[in-house]
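Values below: all heavy atoms of this structure, side chains included; hydrogens, waters and symmetry mates excluded. The sequence lines fix the lettering, A, B, ..., with proteins before strands; numbering per chain opens at 1.
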There are 2 protein chains.
Amino acid sequence: MLIRKPAATRKAEIVEAALRLADELGPDRLTTEAIAGAVGLTQPAIFRHFPTKQDLWEAVGARIGELMEERWAAVPADEGRATDRVRALVATQLGLIQATPAIPAILFSRELHVENQGLRRAFLELMSRFHRLIAGLLAQARDDGELCPELDPDDLAALVIGLPPGLAVRWSLSDRGFDLGEEGRRLLELQLRGFTSEATRRSS
Amino acid sequence: MLIRKPAATRKAEIVEAALRLADELGPDRLTTEAIAGAVGLTQPAIFRHFPTKQDLWEAVGARIGELMEERWAAVPADEGRATDRVRALVATQLGLIQATPAIPAILFSRELHVENQGLRRAFLELMSRFHRLIAGLLAQARDDGELCPELDPDDLAALVIGLPPGLAVRWSLSDRGFDLGEEGRRLLELQLRGFTSEATRRSS
DNA sequence: TTGCTAAGTGAGTGATTACTAACTTAATGG
DNA sequence: CCATTAAGTTAGTAATCACTCACTTAGCAA
């Protein structure tokens, strides 16, 4: 018959289905009916786990944050050159967008901006932390003589973190017609090369 | 009493209102009722001008394309250094996003991606033309000795056109808490500087 | 084995929304 | 000044959707 699962498990299933369907249908067209169907439940069952749809969006937002942090954490913190760690961190962002393509649309969706200011601020905080992380690594790279010393690591980091979403626009418009990770890595090389100090460039 | 306007004028008013409201309410929450209210008409009047809501979205999309082209065309084609024209073109993109902040959300919206593939392709074509435009200018700059000769202008252009949307994500998450144009121009300077050939950098 | 808890269902509701049909009247050209 | 055209209105409809409520039963602990 029907298998009942503990609430925590179901909640996770629902959030995951919501993320997938938000991509397939668009964040706006995401209905509780569609989610229920994907999970294999009736529509009212969703409301047992999330009293309102906004609660569901909140959980989806939190999940995206978790996914980001998980992937950052998987990048070893203290080995290799600082620039290599920047490469790895950017690669996680590209991989995340590829695995969960609804993310850019959700970041711009008004679920986040009009409906849920708190969540918007949470994402801003997350992005700021990522910014500081990258900026710190770039500062370290600069101190190691890898990067041009007169460039501001904060500004460089802004360019680096803008790269994945900037590329995602073209990826999205092209109907995902190219490999986001591959293209992103190639462009990041170019980006980092522009920051490189002449001494290092000659020596490597 | 009620002022009647020719269909062409009303259509333009409706599209403009839709663009503004798509930002305020989100592209998803954009209802014919809200548009009608903003234009000063009753809701069914919208359907006299646009038989279906999809026709309206198509017109909105076409309008965005027009706005882009208008602004590009305003950049003088044959004066100044090639890099200065790149600066001017990027500035138009930043200005457009600032003036019509719904654009990024619309680019990712499923109105465009699931509902209206033709429009998506039109935007891709528009972006490709912009890409070629920038790449051509960068190639020219390279030939003028302004840019490092071994860098591929196509890839450099990809970084340059990704800058405005990449920055728009942060702008949006920060609740538009900084000047997009100003920040964008500063980062573009940094970006271009990375592409600059050493000879030029020393001489300027 | 049994009794309790909570996951899930069936049936429904009010609000919203894209869209229609029949009618009205402002604007325009002759 | 009048007739025609077309912009706009009033009233309504079918569909969709978030959400509710009373009820059922799977799963677990004692």
Within the pair Thr32(B) and dT17(C), is there a side-chain N or O less than 4.0 Å away from OP1 or OP2? no
What's the [atom1]-[atom2] distance between [X] and [N], to the nearest Å?
{"X": "Phe47(B)", "N": "dA6(D)", "atom1": "CZ", "atom2": "C1'", "answer": "19 Å"}
{"X": "Ile14(B)", "N": "dA7(D)", "atom1": "CD1", "atom2": "P", "answer": "11 Å"}
{"X": "Arg29(A)", "N": "dT16(C)", "atom1": "CZ", "atom2": "P", "answer": "19 Å"}
{"X": "Asp28(B)", "N": "dT17(C)", "atom1": "CG", "atom2": "P", "answer": "11 Å"}

Looking for any heavy atom pair under 4.0 Å, which part of the strands does Ile35(A) touch: base, sugar-phosphate only, or nothing? nothing
Among residues 50-62 of chain B, which residues get a heavy atom nearer than 4.0 Å to DNA chain C? Thr52(B), Lys53(B)
Are [X] and [Y] packed together at the side-chain level, in the sense that at least one heavy-atom pair is separated by less than 4.5 angstrom?
{"X": "Arg193(B)", "Y": "Glu150(A)", "answer": "yes"}
{"X": "Phe178(B)", "Y": "Leu167(B)", "answer": "yes"}
{"X": "Arg142(A)", "Y": "Phe195(A)", "answer": "no"}
{"X": "Arg87(A)", "Y": "Thr83(A)", "answer": "yes"}

For Phe130(B), enumerate each residue passing the ring-ring contact (aromatic ring centres under 6.0 Å, His included) test, keeping only those at least two apart in sequence or located in another chain. Trp72(B)
Closest heavy-atom pair, Leu19(A) versus Arg63(A), reported as atoms and distance to 0.1 Å, is CD1-CG, 4.0 Å
Determine whether a donor-acceptor pair (N or O, by modelled atom type, separation under 3.5 Å) exists between the side chain of Ser174(A) and the backbone of Trp171(A). yes
Quick one: what's the B/S/- string for nucleotides 6-13 of chain C, heavy-atom cutoff under 4.0 Å, read 5' to 3'? BBBBBB--
Asp28(A) and Arg110(B) ion-paired at < 4.0 Å: no
